[in-house]
Structures are given as structure tokens and as C-alpha cells.
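I have placed the structure first, in the form of C-alpha cells, so that the comments after it can refer back to it.
For the single chain, residues carry numbers from 1 onward in sequence order. Computed over heavy atoms, backbone and side chain alike; hydrogens, waters and symmetry mates excluded. On a predicted model such as this, the values are computed, not experimentally measured, just so you know.
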Amino acid sequence: FFAWAVTGFLDVLDERRAGARGWAIARMWAACAALFLTKVSYVFIGPLFAIGLMVDRKQREDAPWWRAMCEEAVRHIVPAALMMAAWATLNWIKFGSPLLTGYHVWNASHHGLNGSLLDSLPKLLFSAQWGLVVCFPMLALALPFMWPWLRSKPVRFGTLVGIGVVYSL
């Protein structure tokens, strides 16, 4: 989802610079929502992309900063509000409160972490309840396309890796 979100952001920039109006911004926000629903700490990626798009718009236009910011913000308020509403609804259904995230039910021994990496790794990757392949099936679908994407868009891949490293720090 992270690759999808970053690629969506770069697609919006490309689309704007080409003077086209398409669905790139909707794809970007859909990716941000998917990313946010997988991990709460990604709540900041959507606003960071929105700020980047505001700066890009200001650089391309001679309009005052406040005007560019307001016009750009209108395009991001609705998708961000929908993303937050979906997250709150999901948490309310799953945990009984829109602000609970599920971290309160984490128990290391119950989730396959028992101290030994050799015992824990297969459970974390392939467990029917907590496995990476089960919880994030898009990852398994995306891996075969990673190499062709890397070869066709090396600058985007480098940008993705750079943002990923900085964001994980």
C-alpha cells in the first residue's frame, strides 16, 4: 500500500504538470486510506502528500499562497474525512470505540512471538490468523510486479525507497 500511495502522489504531480485532469488524486487518497487502515501511524502520510501538492501548486501558479492553499485543501478535506470516518467505524465495530486501535489486545505469546526467531518467523509469515500473507494479501500480489515496475520507473522506485527509509526512521 505504501508503494501505491507514493506512486499515486507522483501520478498526481505528473498529471498536473501535463495539464490533465484525471482520477490520480482519487487513487492517491484510496491508497492513503488503505495504508492508514493497515497501520494507524500512517495517518500523517495523506496530509504530507496534501502539503506537497499545495507547495507544487504554489510553485506552478502566481496566485497568493493562501489562495493556492485554500483551493488545494478543499480537494483533500473530503477524502481525508471519509478515510477517518471509515477508520473510526471499523474500530467501533471491532473494538467498541472509534478511538481504540486494537493494540490493547496485543499479546506477544498469543501472536506467535515466543522468543525464538526460528519458531516465531513461520507464525508471523504464514499463520492463518496473524500471518503477513493472510493480513496483507496485496503484498503477495504485488511482489511479482515489483521488478518490472523497478525497471520501467527507476526514479519512482528510488523515491519510494527514500521516502520509506525516512518514514521508518
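- Under the 4.5 Å side-chain contact rule for hydrophobic residues, V12 and W23 do not share a cluster.
- Of all heavy-atom pairs spanning W29 and P79, the tightest one is CG-CB, 3.4 Å.
- For the atom pair C70 SG and M54 CE, the distance stands at 8.5 Å (nearest 0.5 Å).
- Contact of the R75 side chain with the R57 side chain is registered, since non-hydrogen atoms from C-beta on lie closer than 4.5 Å.
- To the nearest 0.5 Å, atoms CG (L82) and CD1 (I77) are separated by 12.0 Å.
- Heavy-atom minimum distance, L53 versus L13: CD2-CD2, 3.6 Å.
- The CZ atom of R16 sits 12.5 Å away from the CG atom of D11 when rounded to the nearest 0.5 Å.
- Two residues are said to be in side-chain contact when any heavy atoms from C-beta on lie closer than 4.5 Å; I25 and E15 fail this criterion.
- Of the inter-residue distances, the one linking L10 atom CG with M28 atom CE reads 10.5 Å to the nearest 0.5 angstrom.
- The closest side-chain heavy-atom distance from F49 to H76 is not below 4.5 Å.
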